[in-house]
Structures are given as structure tokens and as C-alpha cells.
Enquirer: 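Got a structure for you, questions after.
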Amino acid sequence: MLKDIVKSYSLDLSGFQEFTHRKLDLKVGDNINDHSDQISLQHLFVGGSIGSMRLFLENGLEGTRGYFLYKRVDGNNVLKELNKMGNIWVVMTVDERKAAKLEQKPFNWDKCAD
């Protein structure tokens with residue numbers, strides 16, 4: 001699914017580091033004021049998608065540019081371009097492109113039975 005999105009936007013993700021929602025969680029004892037960059041990225045992961053939502057930051061949290069990629073529930077590809085302004089990541093543009101809707105097969109729960 002990621003390949004489809006990257007291809008539809010002709011992105012080059014070399015030099016970018018992927019961050020999961022969990023990787024952005026603060027640790028016990030972290031000062032919220034010292035991590036406003038991470039907090040400003042967490043809201044991106046709210047909402048529904050087909051497959052996982054993917055966050056890529058050029059040069060990690062130290063960088064100033066990033067992409068947030070996902071496939072909407074209706075099948076469209078979404079690219080949010082991010083820039084770091086001070087200590088806060090801001091969505092600069094949102095580009096949505098029609099894509100083939102992937103049909104997901106229903107999960108066979110019978111395989112889980114003993």
C-alpha cells in the first residue's frame with residue numbers, strides 16, 4: 001500500500017526516517033514543554049484509513065520537513081506535507097489523489113479456533 005502512495009506522488013523518501021504513533025509517545029518523566037514537536041505530530045494519526053498511516057521526517061525530529069501518507073477509507077491516497085515552525089510541526093499542504101480502492105478480504109476467524 002505504501003508503494004502505491006509513494007508512486008502516485010513520485011516521492012523519494014531516502015534521507016527520511018519513519019515514525020510510528022507509538023514512537024512519538026512521551027516517556028514517564030518527560031517534560032511536555034520539551035517535546036512540543038512530538039506532541040504536534042500525534043494528532044495526525046487520528047481518524048480512519050485503509051492500512052497504516054505513515055509519517056516520514058527528513059533527518060528525524062531534528063529536521064524541518066516531512067510527509068504524512070495514508071489511504072483514506074474511500075481508497076484515495078493522501079499526502080500531507082509538513083514543515084517545522086520553531087518547535088511545532090505544521091501541515092502546509094494536503095494533496096488527495098484518486099486511487100484504486102483496495103478490496104480487503106474479510107478476516108477468517110475460524111483459523112484462530114483451537
Side-chain angles (χ1 to χ4, degrees):
M1 216 166 313
L2 178 64
K3 280 183 184 176
D4 174 52
I5 298 171
V6 169
K7 185 178 174 186
S8 72
Y9 292 105
S10 302
L11 293 177
D12 178 9
L13 294 175
S14 53
F16 284 76
Q17 182 180 350
E18 184 170 6
F19 284 80
T20 61
H21 190 237
R22 182 165 295 222
K23 205 183 270 190
L24 295 172
D25 286 345
L26 300 184
K27 310 291 181 273
V28 173
D30 281 349
N31 183 337
I32 289 176
N33 296 328
D34 295 338
H35 298 280
S36 51
D37 56 346
Q38 287 174 244
I39 294 167
S40 67
L41 291 167
Q42 290 175 344
H43 79 281
L44 293 170
F45 289 91
V46 174
S49 69
I50 297 174
S52 56
M53 297 176 167
R54 312 287 290 268
L55 172 64
F56 296 91
L57 301 178
E58 190 175 36
N59 301 317
L61 288 169
E62 304 305 314
T64 58
R65 198 166 70 105
Y67 297 120
F68 188 70
L69 310 167
Y70 64 98
K71 188 173 280 286
R72 280 187 11 165
V73 183
D74 65 5
N76 288 350
N77 293 333
V78 179
L79 163 69
K80 293 184 178 185
E81 290 192 53
L82 311 169
N83 281 355
K84 194 173 186 182
M85 308 284 194
N87 288 334
I88 305 292
W89 287 91
V90 178
V91 175
M92 302 307 285
T93 62
V94 177
D95 187 354
E96 185 176 323
R97 299 202 177 158
K98 284 249 182 250
K101 186 170 184 174
L102 298 176
E103 294 299 324
Q104 292 186 320
K105 295 178 184 163
F107 187 78
N108 183 356
W109 288 100
D110 294 335
K111 290 182 178 180
C112 298
D114 289 327

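Only this structure's heavy atoms are used, side chains among them; waters, hydrogens and symmetry mates stay out.
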Enquirer: Return the NZ to CD distance between Lys80 and Glu96, rounded to the nearest 0.5 Å.
Expert: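 CD of Glu96 is found 10.0 Å from NZ of Lys80.
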
Enquirer: Show which residues join Ile5 in its hydrophobic cluster (side-chain heavy-atom contacts under 4.5 Å, direct or indirect), or state none.
Expert: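 When side chains under 4.5 Å apart are linked, the cluster holding Ile5 also contains Leu2, Val6, Tyr9, Leu11, Leu13, Phe16, Phe56, Tyr67, Leu69, Leu79.
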
Enquirer: So how far is it from Tyr70 OH to Leu55 CG, rounded to the nearest 0.5 Å?
Expert: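 Answer rounded to 0.5 Å: 12.5 Å.
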
Enquirer: Hey, any chance Ile88 and Val94 share a hydrophobic cluster, counting ILVMFWY side chains that come within less than 4.5 Å of each other, even indirectly?
Expert: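 Per the 4.5 Å side-chain linkage, Ile88 and Val94 are not co-clustered.
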
Enquirer: Identify the two heavy atoms, one from Asn76 and one from Asp74, that lie closest to each other, and give their separation to 0.1 Å.
Expert: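 For Asn76 versus Asp74, the nearest heavy atoms are N-OD1, 3.0 Å.
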
Enquirer: Does one hydrophobic cluster hold both Val90 and Met53, with members joined at side-chain heavy-atom distances below 4.5 Å?
Expert: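 The answer is no; the residues belong to distinct hydrophobic clusters.
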
Enquirer: Does some side-chain heavy atom of Leu41 sit less than 4.5 Å from a side-chain heavy atom of Phe68?
Expert: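 SC-SC contact between Phe68 and Leu41 ruled out.
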
Enquirer: Nearest heavy-atom pair of Ser40 and Asn87: which atoms, and what distance?
Expert: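 That would be OG-O, 4.4 Å.
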
Enquirer: Which pair of non-hydrogen atoms, one from Phe45 and one from Leu24, has the smallest distance, and what is that distance?
Expert: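 Smallest heavy-atom distance, with atoms named: CE1-CD1, 3.7 Å.
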
Enquirer: Using the side chain to side chain donor-acceptor pair (under 3.5 Å) rule, collect all pairs that involve residues 44-56, keeping only residues at least two apart or in two chains.
Expert: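 Counting only pairs at least two positions apart or across chains, the side chain to side chain donor-acceptor pair (under 3.5 Å) contacts touching residues 44-56 are Glu18-Arg54.
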
Enquirer: Under the salt bridge (Lys or Arg N to Asp or Glu O under 4.0 Å) rule, collect the residues that match up with Lys84, sequence neighbours excluded.
Expert: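 Salt bridge (Lys or Arg N to Asp or Glu O under 4.0 Å) check on Lys84 returns Asp37.
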
Enquirer: Around Lys7, counting heavy atoms of other residues, nucleotides and ligands shown, do more than 12 lie under 6.0 Å from its NZ?
Expert: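 Incorrect, the count does not exceed 12.
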
Enquirer: Which distance, rounded to the nearest 0.5 Å, do you find between the CG of Asn77 and the CG of Asp95?
Expert: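 Going from CG on Asn77 over to CG on Asp95, the span is 9.5 Å.
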
Enquirer: Decide yes or no on side-chain contact (heavy atoms from CB on, under 4.5 Å) for Met85 and Met92, but give the supporting numbers first.
Expert: CA-CA 10 Å; Met85 308 284 194; Met92 302 307 285; 3.6 Å; yes

Enquirer: As a quick check of understanding, evaluate side-chain contact (heavy atoms from CB on, under 4.5 Å) for Asn83 and Arg65, giving each step before the final call.
Expert: CA-CA 5 Å; Asn83 281 355; Arg65 198 166 70 105; 4.1 Å; yes

